[in-house]
Amino acid sequence: MSYSSQALREQARKALHLQSHRTVTVLSSLLAVQDELGYVPTEAIEEVASFTDSTINDVWGVASFYTNFRFAAPGLHNLEVCWGPTCHLLGAPRILQEAQHSLGLSGEGETEDKRFTLRYNTCLGACSQGPVINIDHRLIGQVTVERIRRILTELNGSPRS
Amino acid sequence: MATYAELKAKADERWQTLAHGDRAWVRVGTAICGKAAGASLVVESLKAELSRRGVQAHLSEVGCLGLCYAEPIVDILKPGKPRVFFKNVTPDQVPELVESYLIHDNPKNDSVLGYLGEGSLDGVSPLDQLSTMKKQIRIALRNAGHIDPLDIYQYIANGGYAGLNKALFELKPQQVAEEVTKSGLRGRGGAAFPTGTKWSFLARTPGTTKYMLCNCEEGDPGAYNDKGILESDPHTLIEGMIIGGYATESNYGYIFIRHGHEGPIERTEKALEQAYEAGLLGQNILGSGFSFDIEVSLTGDSYVSGEETALMESIEGKRAMPRYRPPFPAQSGLWGKPSNINNVKTLAYVPEIITRGGDWFAGIGVGRSKGTVILCLSGNITYPGMYEIPMGMTLRQVLEDVGGGVPNGKKLKLLQTGGPLGGVLSGDKIDIALDFEQMAQAGAILGSGGIIVADEDTCAVDMARVLVAFCQFESCGKCFPCRLGMTHLLEVLERISNCQTRPGDMELMQGIGRSMTLGSLCGHGQLGFNPVQSAFRYFAEDFEAHMKKGRCLTGQCTGLHITPTRTRP
Ligand SMILES: Cc1cc2nc3c(=O)[nH]c(=O)nc-3n(C[C@H](O)[C@H](O)[C@H](O)COP(=O)(O)O)c2cc1C
Ligand code: SF4
Ligand code: FES
């Protein structure tokens, strides 16, 4: 999906106005935009600046600090692999290697066909089930190399549910 | 406006219908670890099967019993029967479970973890007699896995908000703080500062706007107990926070959670809504004249935003960089107003402390470490889980008696406790007690309660490298000893790990470590050398094998490194 610059602006503005928390800040606004669009395009940075009465510089400062913000449109499926110490002990390096291999990536980012985004995570919070991955907001524990290969193959054939 | 007695009466009536009614009550644990084990699919499957078979039952999603090794857990309470807990239930086992136990009365004992209540099952022990449960004293986790976190009346029926009611109507703010001081409660967020004392700082600061902040950033890999409490029993935190607000005479609270953890966030938001509806939050709580508001504040991914002053920057919407101190938060905190910060676990103890009295809490634990500690065991351990253990038990008892020891006949090599900054502890140093001081003496910290267990196949160099990679990635970049020091340390550790050591590398790291310890603004940099120092102290031979013999003793340093190096701009 790609939106025109104007459509992006409108969507960002909508997300900014719909924020449900009482305290509205640059950070809360950026999170709202990313939740809505999946990333923070330049247009949204400008919208956040005018919405929160801040400078574009300030907004970039915040957006570049928190590592969850992304500035390019994400792939159709979002795969996060945990590399926290527990998952590392329990085999995360091999899971990650398999994910990169299956997706043809050498690090974080989008596949060429934009079907997948690969991200690392420092701890997905389910350490007792390590190694853990998160795919399209679904946590999966005790992942094996075979299992991640199967999951990625299945997803490659199906659109996001 | 309802009084507490009216709320309690309504809650008791509803509880009676659920727990002693004529329908079965089916509960599934769907906290983070349950979900990772597939609990959401089990719930779907149960819904479908119950309606397909026309079984009349209440179905609730509950939090986490802490027995992660047995997830997904389905527990069923049938009228006149004990409550039976089924372990490791998969979605395709659901039809059979419904058929055999809900429709007929055959629990198939080999799939049963335990039971609670009157009655008995052949060859099955009561849940509270399991080795993983027997040694626990569950205070902050008293309701976890038992009640539906989205139903405030289940919390109230189990004694919830009695502490708040007592505080508001029987105690003066100062008496509440004194009770907490008497309990000996110390902060569970890392620094172990006495909570009552901290509250009295804020209480003494004059001001009309003061803030009570709750820290659920929980960025420590290996710890998930804060999120576990929010998902399992958010009201115990909310009640603790309101009591804290009353004691410190502040009127506004923020619960600070990392975005993206949908379960804890949704359940907390919902619980807040219900507390407002019940008159337990907002203006004139329970008619006492005291008013208190709470909202959730979400942060982005940043470990350092869990540091108390960085947390305030983050709530203000800025980059989460620690502030210089003084001024301390009790004088000038969030938006320059007096503020108090506590960890989730710290506040979750408060309702029971007020209900049962400080002396009761102080009667549990040892020395200056009172009460319990909520541990998350993960890694090479037979029974990974979240356990609430009385202070004073030894690490060995926790690992062997509760955790079931290291699996596959392997030997214990090291423990990583209290988050990455806590460094590692040697596996032969585990006869120390769970006690803030004893742990510190051994060079480890209890910190957030995460304990990562590593067996003999683990290389200490590799472990140190992973921990430093985390610290490097998460340095906020405000001060250079930490920002550059971490990057430099990681570079050297990568070399050692790859057996490409240069002469003087060890001394180089020591020097960097000294600068970081002396010159860093916050705990992240001050403690950031711990992983290397502790790994070297206990496992010098692992380092020497890489540096002098050019090989890794365990073969774990394979070069398959995940090292997201990045320095915050
Ligand atoms: C780098 C860094 C990260 C921290 N992260 C957390 C955290 O995630 N949660 C937490 O409760 N405390 C964290 N702390 C400790 C807090 O600064 C603070 O001491 C604590 O929240 C106080 O609560 P307590 O008195 O209840 O322990 C962190 C400290 C540092 C230096
Ligand atoms: S010590 Fe590290 S994390 Fe703390 S303020 Fe300095 S750069 Fe930031
Ligand atoms: S370390 Fe991987 S989920 Fe916590």
Side-chain angles (χ1 to χ4, degrees), chain A residues 20-32 34-35 52 54 58-69 80-90 92-97 107-108 119-130 132-134 137-143, chain B residues 32-33 35-38 40 68-69 71 218-224 227 254 259-262 295-303 305 314-321 376-380 384-386 416 420 450 452 454 458 463 466-467 470 473-474 476 558 560-562 564 566 568-569:
Chain A
S20 58
H21 294 121
R22 268 173 277 185
T23 306
V24 169
T25 63
V26 172
L27 176 56
S28 75
S29 302
L30 284 165
L31 287 170
Q34 171 143 314
D35 273 351
T52 57
S54 326
D58 284 342
V59 178
W60 270 120
V62 175
S64 61
F65 181 84
Y66 296 95
T67 51
N68 55 297
F69 291 117
E80 280 182 276
V81 180
C82 177
W83 65 280
T86 303
C87 290
H88 179 81
L89 274 180
L90 297 174
R94 265 170 211 91
I95 305 298
L96 192 82
Q97 191 188 34
E108 291 180 286
R119 305 269 288 157
Y120 305 151
N121 195 297
T122 51
C123 178
L124 286 164
C127 326
S128 59
Q129 306 288 349
V132 185
I133 61 170
N134 187 339
H137 298 275
R138 191 158 65 94
L139 279 178
I140 303 178
Q142 299 183 26
V143 179
Chain B
I32 296 181
C33 77
K35 281 189 183 144
S40 301
C68 305
Y69 63 95
E71 294 285 355
E218 198 169 53
D220 282 343
Y224 43 91
K227 291 183 279 275
Y254 283 95
H259 87 105
H261 291 293
E262 288 145 19
E295 77 175 282
V296 167
S297 174
L298 299 184
T299 176
D301 287 2
S302 152
Y303 176 68
S305 71
S314 184
I315 296 180
E316 293 177 17
K318 306 180 196 143
R319 295 157 71 93
M321 289 175 155
C376 296
L377 296 190
S378 68
N380 303 128
M386 175 168 80
Q416 202 283 298
I452 303 174
T458 310
M463 197 64 190
V466 171
L467 297 173
F470 174 88
F473 179 66
E474 292 292 2
C476 86
T558 50
L560 268 186
H561 290 170
I562 312 169
R566 133 180 185 139
R568 278 173 212 258

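Throughout, protein chains are lettered first and strands after them, A, B, ... in sequence-line order, and every chain is numbered starting at 1.
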Hey, is the main chain of [Y] close enough, under 3.5 Å, to the side chain of [X] for a donor-acceptor pair?
| X | Y | value |
| --- | --- | --- |
| A:Gln129 | B:Glu71 | no |
| A:Ser28 | A:Val24 | no |
| B:Gln416 | A:Pro85 | no |
| B:Lys227 | B:Glu218 | yes |

Looking at [options], which makes the most heavy-atom pairs under 4.5 Å with chain B?
| options | answer |
| --- | --- |
| A:Gly130, A:Ala63, A:Ser128 | A:Ser128 |
| A:Val26, A:Asp35, A:Thr122 | A:Thr122 |
| A:Asn68, A:Thr25, A:Leu27, A:Leu139 | A:Asn68 |

Just checking, any donor-acceptor pair under 3.5 angstrom between side chains of A:Thr23 and B:Tyr254?
yes
Counting only heavy atoms closer than 4.5 Å, note whether A:Leu124 contacts chain B via side chain, backbone, both or neither.
backbone
In terms of heavy-atom proximity below 4.5 Å to chain A, should [X] be classed as side chain, backbone, both, or neither?
| X | answer |
| --- | --- |
| B:Met386 | neither |
| B:Leu467 | side chain |
| B:Ser40 | neither |
| B:Glu316 | backbone |
| B:Ser314 | both |

A:Leu30/A:Tyr66 under side-chain contact (heavy atoms from CB on, under 4.5 Å): CA gap, chis, key distance, verdict:
CA-CA 10 Å; A:Leu30 284 165; A:Tyr66 296 95; over 6 Å; no
Run the side-chain contact (heavy atoms from CB on, under 4.5 Å) test on A:Arg119 and A:Asn121 for me, step by step, so that the C-alpha distance in whole Å, both residues' side-chain angles and the decisive distance to 0.1 Å come before the verdict.
CA-CA 7 Å; A:Arg119 305 269 288 157; A:Asn121 195 297; over 6 Å; no
Is it the case that atom CZ in A:Arg22 sees more than 12 heavy atoms from other parts of the structure closer than 6.0 Å?
yes
Selection from [options] maximising heavy-atom pairs under 4.5 Å formed with chain A:
| options | result |
| --- | --- |
| B:Thr458, B:Val296, B:Asp220 | B:Val296 |
| B:Pro420, B:Gly260, B:Ala320, B:Ala223 | B:Ala320 |
| B:Ala37, B:Cys33, B:Pro384 | B:Cys33 |
| B:Gly385, B:Ser305, B:Ser302 | B:Ser302 |

Parallel under 30°, tilted from 30 to 60°, perpendicular over 60°: which one fits the rings of B:Phe470 and A:Trp83?
tilted
